[in-house]
Visitor: 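The structure's right below; bear with me while I get my questions together.
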Protein chains: 2
Amino acid sequence: MPLLLLKDLPRYECLLEAAKEFPDLDPSASEVFLHLLRAGDEAYGVSDRNLVSHNISQGRFCVLMLLWRSVQSPAAKLLGPDCCVPGPRTPAELADAAGVTRATMTGLIDTLERDGFVKREPDPDDRRMMSVRLTPKAEEFLRKFLPEHFQITAKLMRTLTESERKTLVQLLNKISQQASVMLGAASEGAPAVVSGTQAV
Amino acid sequence: MPLLLLKDLPRYECLLEAAKEFPDLDPSASEVFLHLLRAGDEAYGVSDRNLVSHNISQGRFCVLMLLWRSVQSPAAKLLGPDCCVPGPRTPAELADAAGVTRATMTGLIDTLERDGFVKREPDPDDRRMMSVRLTPKAEEFLRKFLPEHFQITAKLMRTLTESERKTLVQLLNKISQQASVMLGAASEGAPAVVSGTQAV
DNA sequence: CTTTTATAGTTAGCGCCCTAACTATCAGGT
DNA sequence: ACCTGATAGTTAGGGCGCTAACTATAAAAG
């Protein structure tokens, strides 16, 4: 649960009241915003609680999943989309794929290596680079853990019908897209939004 | 942006592929889960970027908003729902309202006090307790900052129609409710879900 | 009145995020 | 060869979550 957020959200009427004082306040927009943050935080919390009970964190799990794509196993290949493209191996690639800084990735790899999930090896061609590999222990962990993880995800969404799920994804994508615009996603010439290329 | 999350989400077809390998994987559930986390993270990021540009963090902002309810000003009263109920004042009340531990709240108050947004005063009746108050600087900051904040929220949701917003809130509430169940929200006899009682 | 228990707040230490500064290596231009 | 600049990775230090252990005070039980 990463996010400090009010435990009880304001009622809609309160937002309406507040809007009288603050002309810029759009009650329904604020309502969506707060509910989105809360739902996201809670969903994260549900998943994270299970992770933590296995002595792993969200960030470390993410790294393991990324590295798994590089493992030469049928299961791993299925998870990768452009399946022939090799997964990330170097800290820089991992950081980029996970959307964190390299310094952060250094820390994650440090603890993963300390706990025996990962091994650093120097690149023979370029002595600046490292190559990160999963250990058998990590692969074993993932094979045991992932089914649990998927069950939890499925249970969390159980109360939504298929059509509701579809609607929800579309609406969330609208917000994501607008957020990208606002954060200035003026990166490469790519469409930039919802062009998924990674594993779970 | 608190959450380490894959920058590119897997395409739905990849989830379908992966489901062949993992019978527990519910593709549409995982899809919603990932999009929810990402949209929440991005919405958080949009808001946080503005906060940070004012040298304040999400957590500190949250504390300021909670304390604002205790200020004897018309604006503050409007934001509070059960408007007559005084807002939280002690670190324990603040921690409870914000859903963090008291240790965390101690740290937040420390930095807020250091930066001149807040003042700690001992309670004359119970010498264990402290009372936290906003400084004029903090009130001034909020009056200047909140309109910006509301504008950003409104802009983020601009692409959603009123009916889409309504739908989205309902669907998010379904997930929140299920998450509460799964996290074991078996606290008091209260209904426990969506019973908002706080300020923005 | 003394002992026990509960409560408020803090401190200490860890994880994971960040930025900024640093080292080592590589590649290009002269 | 020799600077220059780019790149890979790490280190240092800060913020803000957490848990666990601690101090001081208050309240309850004997």
Side-chain angles (χ1 to χ4, degrees), chain A residues 1-7 37 41-42 44-45 48-49 51-64 88-115 117-118 120-132, chain B residues 1-7 41 44-45 48-49 51-64 88-115 117-118 120-132:
Chain A
M1 299 105 162
L3 179 59
L4 197 149
L5 187 60
L6 296 176
K7 237 172 45 186
L37 259 51
D41 189 51
E42 289 179 340
Y44 176 87
D48 193 57
R49 193 178 58 163
L51 253 344
V52 164
S53 77
H54 289 78
N55 267 307
I56 208 92
S57 75
Q58 185 73 218
R60 276 147 84 170
F61 175 61
C62 180
V63 174
L64 294 184
R89 294 171 176 283
T90 71
E93 287 167 352
L94 288 167
D96 194 47
V100 297
T101 63
R102 293 175 187 192
T104 297
M105 191 52 65
T106 294
L108 286 172
I109 295 171
D110 280 348
T111 67
L112 282 170
E113 191 167 31
R114 183 199 60 192
D115 294 351
F117 285 108
V118 134
R120 263 188 261 237
E121 287 161 358
D123 183 305
D125 296 338
D126 188 332
R127 287 197 292 173
R128 290 171 302 181
M129 290 207 253
M130 302 295 285
S131 192
V132 185
Chain B
M1 297 105 157
L3 178 59
L4 197 149
L5 188 58
L6 297 175
K7 236 173 43 184
D41 189 50
Y44 177 87
D48 194 56
R49 193 178 57 163
L51 252 344
V52 163
S53 77
H54 289 78
N55 269 305
I56 208 92
S57 74
Q58 186 71 219
R60 276 147 82 169
F61 175 60
C62 180
V63 174
L64 294 184
R89 293 172 177 282
T90 72
E93 286 167 353
L94 288 167
D96 194 48
V100 297
T101 63
R102 293 175 187 194
T104 296
M105 190 51 66
T106 294
L108 286 172
I109 295 171
D110 280 348
T111 66
L112 282 170
E113 191 167 31
R114 183 200 60 191
D115 293 351
F117 286 108
V118 133
R120 263 187 261 237
E121 287 162 359
D123 184 304
D125 296 338
D126 187 333
R127 287 199 291 174
R128 291 172 301 181
M129 291 207 251
M130 301 296 284
S131 193
V132 184

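Here the structure is a predicted model, which means the values were calculated and not measured. Letters go in sequence order (proteins before strands), and every chain restarts at 1.
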Visitor: Does B/Arg89 offer a backbone N or O that forms a donor-acceptor pair with the side chain of B/Glu93 under 3.5 Å?
Guide: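 Such a contact is found between B/Glu93 side chain and B/Arg89 backbone.
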
Visitor: Map A/Asp125 and B/Gly107 onto DNA chain C by nearest heavy atom, then report which one ends up closer to the 5' terminus.
Guide: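 Upstream on the strand: B/Gly107.
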
Visitor: Give me the one residue out of A/Val132, A/Leu108, A/Val100 that meets side-chain contact (heavy atoms from CB on, under 4.5 Å) with A/Leu94.
Guide: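 Passing option: A/Val132.
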
Visitor: Is the phosphate of D/dT10, meaning OP1 or OP2, less than 4.0 Å from a side-chain N or O of A/Thr106?
Guide: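 The answer is yes; a side-chain N or O of A/Thr106 sits under 4.0 Å from OP1 or OP2.
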
Visitor: Roughly how many Å is it from CG in A/Leu51 to C1' in C/dG15, rounded to a whole number?
Guide: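 Atom CG in A/Leu51 sits about 13 Å away from atom C1' in C/dG15.
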
Visitor: Given D/dA27, is OP1 or OP2 found less than 4.0 Å from the side-chain N or O atoms of B/Arg127?
Guide: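 For B/Arg127, the contact criterion (side-chain N or O under 4.0 Å from OP1 or OP2 of D/dA27) is not met.
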
Visitor: A/Asp126 near the nucleic acid: base, sugar-phosphate alone, or nothing, with a heavy-atom cut-off under 4.0 Å?
Guide: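 The answer is sugar-phosphate, as A/Asp126 gets under 4.0 Å only of primed atoms, P, OP1 or OP2.
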
Visitor: To the nearest Å, give me how far apart CD (B/Glu93) and C1' (C/dT7) are.
Guide: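 So the CD-C1' distance, B/Glu93 to C/dT7, works out to 13 Å.
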
Visitor: Pick from B/Val118, B/Asp115, B/Asn55: which one makes a side-chain contact (heavy atoms from CB on, under 4.5 Å) with B/Arg60?
Guide: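 The single option meeting the side-chain contact (heavy atoms from CB on, under 4.5 Å) with B/Arg60 is B/Asp115.
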
Visitor: If I take atom CG in residue A/Asp48 and atom C1' in nucleotide C/dC17, what distance separates them, rounded to the nearest angstrom?
Guide: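 Value for this atom pair: 14 Å.
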
Visitor: Are B/Val63 and B/Phe117 packed together at the side-chain level, in the sense that at least one heavy-atom pair is separated by less than 4.5 angstrom?
Guide: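 A side-chain contact is absent here, since even the closest heavy-atom pair is not under 4.5 Å.
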
Visitor: Both B/Thr111 and B/Ala103 contact DNA chain D. Which one's nearest nucleotide lies toward the 5' end?
Guide: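 So the residue in question is B/Thr111.
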
Visitor: Is the distance from OP1 or OP2 of C/dC18 to the nearest side-chain N or O of A/Thr101 less than 4.0 Å?
Guide: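 Checking A/Thr101 against C/dC18: at least one side-chain N or O falls below 4.0 Å of OP1 or OP2.
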
Visitor: Calculate the interatomic distance between A/Arg60 atom CZ and C/dC14 atom C1'; express it in whole Å.
Guide: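 Between C1' of C/dC14 and CZ of A/Arg60: 11 Å.
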
Visitor: May I have the distance from B/Asp110 (atom CG) to C/dT10 (atom P), rounded to whole angstrom?
Guide: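 Result: 7 Å.
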
Visitor: Distance check needed: D/dT10 P versus A/Met129 CE, whole Å only.
Guide: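 Interatomic distance, CE of A/Met129 to P of D/dT10: 13 Å.
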
Visitor: Would you say B/Arg114 places a side-chain N or O within less than 4.0 Å of OP1 or OP2 belonging to D/dG15?
Guide: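 For D/dG15, OP1/OP2 do have a side-chain N/O of B/Arg114 under 4.0 Å.
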
Visitor: At less than 4.0 Å, is any side-chain N or O atom of B/Thr104 found next to OP1 or OP2 of D/dC18? Yes or no.
Guide: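 It does, given that an N or O in the side chain of B/Thr104 lies less than 4.0 Å from OP1 or OP2 of D/dC18.
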
Visitor: For the side chain of A/Pro91, starting at C-beta, report the closest nucleotide among D/dA26, C/dA8, D/dG9.
Guide: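 Of the options given, the side chain of A/Pro91 lies nearest D/dG9.
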
Visitor: What is the distance, to the nearest angstrom, from the CZ atom on B/Arg102 to the C1' atom on C/dA8?
Guide: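 Roughly 6 Å, once rounded to whole Å.
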
Visitor: Side chain of A/Val100: nearest nucleotide among C/dA8, C/dC17, D/dG15?
Guide: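 The nucleotide sitting nearest to the side chain is C/dC17.
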
Visitor: Can you tell me the distance, in whole Å, between the CZ atom of B/Arg49 and the C1' atom of C/dT19?
Guide: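 About 17 Å, once rounded to whole Å.
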
Visitor: To the nearest 0.5 Å, tell me how far A/Arg128 CZ sits from A/Thr90 OG1.
Guide: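 The CZ atom of A/Arg128 sits 11.0 Å away from the OG1 atom of A/Thr90.
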
Visitor: Counting distance alone, no hydrogens or angles: does the base of C/dT7 have a donor or acceptor under 3.5 Å from a partner atom on the side chain of B/Arg128?
Guide: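 Between C/dT7 and B/Arg128, which were checked side chain against base, a qualifying N/O pair under 3.5 Å is present.
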
